[in-house]
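To keep things clear, I will list the structure first and then write my remarks on it.
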Amino acid sequence: MKLNLVSCDALRPDRRAIAKCIAEISFNSEESLSNELTDILLEGDAIAIEVEDKNSGSALRALRKLSIEYEIIE
């Protein structure tokens, strides 16, 4: 499943938690890439990630817990 992470609405976003979440749920994501993607997201730009279908439910819950708005692409 492909997701478009649109924005983070948390008052005080936890960069480390967001980067860790992206690294864990994203298909073939490394720590350095997830840190870069987190910076891009927190600057206000949308990012696209791919999540394995078997992990999609827990991935979406983790994103909601971090106040990250997302769109399901496919």
Side-chain angles (χ1 to χ4, degrees):
M1 169 181 2
K2 291 184 181 182
L3 296 176
N4 195 21
L5 305 184
V6 180
S7 66
C8 180
D9 293 335
L11 293 176
R12 296 177 53 196
D14 185 349
R15 286 182 182 268
R16 187 170 52 167
I18 295 170
K20 183 179 176 184
C21 179
I22 291 173
E24 288 177 358
I25 67 172
S26 181
F27 186 72
N28 286 337
S29 180
E30 298 174 1
E31 185 178 340
S32 60
L33 177 60
S34 64
N35 287 329
E36 288 181 39
L37 292 174
T38 300
D39 290 340
I40 292 169
L41 179 66
L42 294 179
E43 288 173 1
D45 295 324
I47 59 172
I49 62 171
E50 189 169 341
V51 178
E52 290 185 41
D53 287 334
K54 66 179 183 177
N55 297 333
S56 61
S58 60
L60 298 177
R61 278 192 300 278
L63 292 172
R64 285 191 300 268
K65 186 174 181 180
L66 292 168
S67 299
I68 296 174
E69 289 189 35
Y70 59 86
E71 297 173 339
I72 299 174
I73 299 172
E74 61 177 61

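Note that the coordinates shown come from a computational prediction; the quantities given were computed from them, not determined experimentally.
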Please name all residues satisfying side-chain contact (heavy atoms from CB on, under 4.5 Å) with [X], sequence neighbours left out, ordered by chain then number.
X     : value
Ala19 : Ser34, Asn35, Thr38
Arg61 : Ser58, Arg64
Asp14 : Arg16, Ala17

If you look only at pairs with a residue in residues 18-36, which of them pass as a salt bridge (Lys or Arg N to Asp or Glu O under 4.0 Å), with sequence neighbours excluded? none
Going by side-chain heavy atoms closer than 4.5 Å, which hydrophobic residues are tied to Ile73, directly or by a chain of links? none
Each residue besides Tyr70 in its hydrophobic cluster should be listed here, by chain and number; the cluster joins Ile, Leu, Val, Met, Phe, Trp and Tyr at side-chain heavy-atom distances under 4.5 Å. Met1, Leu3, Leu5, Ile18, Ile22, Ile25, Leu33, Leu37, Ile40, Leu41, Leu42, Ile47, Ile49, Val51, Leu60, Leu63, Leu66, Ile68, Ile72
Can you tell me how far the CD atom of Glu52 sits from the OG atom of Ser26, to the nearest 0.5 Å? 9.5 Å
